[in-house]
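Down below is the structure, laid out as structure tokens.
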Amino acid sequence: MMQLLDQTFYEKNALLLAESLLGKLLVKDTPEGRASGIIVETEAYMGADDRAAHSYGNRRTRRTEIMFGKAGSVYTYQMHTHTLVNVVAAEVDTPQAVLIRAVEPVEGLDLMEKRRPGRKQVEWTNGPGKLTKALGIAMSDYGSHYTVPPLQIFEGWSHDFEIVTGPRIGIDNTGEAKHYPWRFFVKGNRYISR
DNA sequence: AGGCTGATACACT
DNA sequence: GTGTATCAGCCTC
């Protein structure tokens with residue numbers, strides 16, 4: 001039986017959490033059924049001191065408010081027409097989060113195909129905006145918590161895998177932070193975003 | 001490689 | 001109110 005990750009799992013800084021989340025199972029339940037995927041790519045956003053983070057300088061708005069909340073909270077936001085999903089890290093009032101950039105489909109392949117019509121399977125979840133569409137994650141998940149339905153994270157792979165790091169994607173014009181190797185992904189996985 | 005899309009938030013008039 | 005930028009993705013050239 002797949003084990004649900006508990007609150008303590010999330011109570012670490014975003015760098016540690018980003019690495020810990022690789023190989024875990026992200027599960028979304030909707031009226032249509034369950035869809036899930038193994039997390040294979042993440043990025044850490046280190047909060048007040050991170051030029052690339054929405055919460056840089058402790059910028060606290062309605063959008064970023066949840067980043068100041070409890071670890072394991074769900075932070076979703078809109079990028080153009082796409083929804084991106086994050087996991088809040090660290091303690092309350094330390095606004096760090098981990099962006100989930102790619103997953104490998106596990107359950108609900110039929111649902112994913114229906115939600116990503118006309119695309120090849122590898123294109124269903126190999127990007128942060130794509131995986132939310134495929135799994136049915138939306139802005140309505142904002143403020144929820146990964147220890148309760150309908151959006152949860154479970155223990156995933158039990159086997160070993162190799163982790164690779166690199167610079168984050170899509171964060172030009174943010175000075176030094178641009179080069180930090182705060183992106184983590186599973187070596188050789190087909191579903192990494194680039 | 002480059003342009004279009006266009007939800008939000010926020011910094012400005 | 002207007003302008004601009006954003007942790008993309010898709011389509012077209």
Side-chain angles (χ1 to χ4, degrees), chain A residues 10 13-22 26 37 39-69 71-90 94-105 112-144 146 151 153 164-186 190-194:
Chain A
Y10 300 98
N13 77 47
L15 282 171
L16 292 174
L17 184 60
E19 187 164 356
S20 302
L21 281 168
L22 293 178
L26 179 64
I39 297 169
V40 296
E41 180 178 349
T42 58
E43 281 180 0
Y45 286 85
M46 289 297 281
D49 301 321
D50 182 358
R51 284 277 282 109
H54 291 157
S55 54
Y56 175 65
N58 281 316
R59 197 164 62 135
R60 190 165 188 156
T61 67
R62 196 170 53 188
R63 177 172 73 155
T64 63
E65 181 61 33
I66 196 67
M67 291 184 76
F68 293 81
S73 295
V74 179
Y75 174 32
T76 53
Y77 70 92
Q78 293 292 131
M79 174 61 178
H80 291 252
T81 56
H82 312 289
T83 303
L84 277 62
V85 67
N86 298 253
V87 183
V88 173
T94 300
Q96 301 183 0
V98 175
L99 171 65
I100 299 176
R101 289 194 53 90
V103 305
E104 176 177 321
M112 295 193 208
E113 183 167 26
K114 199 164 76 182
R115 290 163 173 164
R116 302 279 301 143
R119 274 79 172 182
K120 295 175 296 187
Q121 182 168 339
V122 74
E123 302 284 334
W124 292 352
T125 57
N126 67 340
K130 300 177 189 178
L131 74 91
T132 56
K133 193 94 195 301
L135 295 181
I137 296 168
M139 285 306 293
S140 55
D141 289 304
Y142 181 99
S144 181
Y146 288 102
L151 183 57
I153 300 176
V164 189
T165 66
R168 292 174 293 181
I169 289 172
I171 56 163
D172 293 339
N173 307 319
T174 52
E176 285 303 300
K178 174 182 177 180
H179 305 292
Y180 296 167
W182 288 355
R183 171 174 174 244
F184 300 83
F185 56 98
V186 174
R190 292 195 305 281
Y191 293 90
I192 61 178
S193 62
R194 68 170 69 167

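For clarity, every value in this text was computed on a predicted model and none was experimentally measured. Residue numbers begin at 1 in each chain, while the letters A, B, ... track the order of the sequences.
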Neighbours of DNA chain C within residues 117-128 of chain A, by heavy-atom distance under 4.0 Å: A:R119, A:G127, A:P128
Sugar-phosphate only, base, or nothing, as touched by A:R183 at under 4.0 Å among non-hydrogen atoms: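 Since no nucleic acid heavy atom lies under 4.0 Å of A:R183, the category is nothing.
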Set of side-chain contact (heavy atoms from CB on, under 4.5 Å) partners for A:S193, sequence neighbours left out: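 For A:S193, the residues satisfying side-chain contact (heavy atoms from CB on, under 4.5 Å) (neighbours in sequence not counted) are A:E41, A:R101, A:I169, A:R183.
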With A:N58 via side-chain contact (heavy atoms from CB on, under 4.5 Å) - residues at least two apart: A:A48, A:F68, A:P95
Among C:dG9, C:dC7, B:dA9, the nucleotide that comes nearest once only the side chain of A:Y45 is considered: C:dC7
Nucleotide nearest A:H54 (side chain, heavy atoms from C-beta), chosen from B:dA9, C:dC7, C:dA8: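 Closest nucleotide to the A:H54 side chain: C:dC7.
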Give me the distances for all protein-to-nucleotides 11-13 of chain B N/O pairs that come in under 3.5 Å?
none

Dot-bracket encoding of pairs in DNA chain C, which uses [ ] for pseudoknotted crossings and | for another strand, Watson-Crick or G-U under 3.5 angstrom: ||||||.|||||.
Flag, side chain of A:W182 to backbone of A:Y45, donor-acceptor distance under 3.5 Å: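 Here the side-chain-to-backbone pair does not exist.
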Tabulate protein N/O versus nucleotide N/O from nucleotides 2-5 of chain B, keeping only pairs under 3.5 Å, one per line.
| residue | atom | partner | partner atom | Å |
| --- | --- | --- | --- | --- |
| B:dT5 | N3 | A:H80 | ND1 | 3.3 |

Test: A:E104 and A:R190 ion pair at under 4.0 Å: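 The answer is no: the pair does not qualify as a salt bridge.
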Short side-chain N/O contact from A:R60 to OP1 or OP2 of B:dA9, under 4.0 Å: no
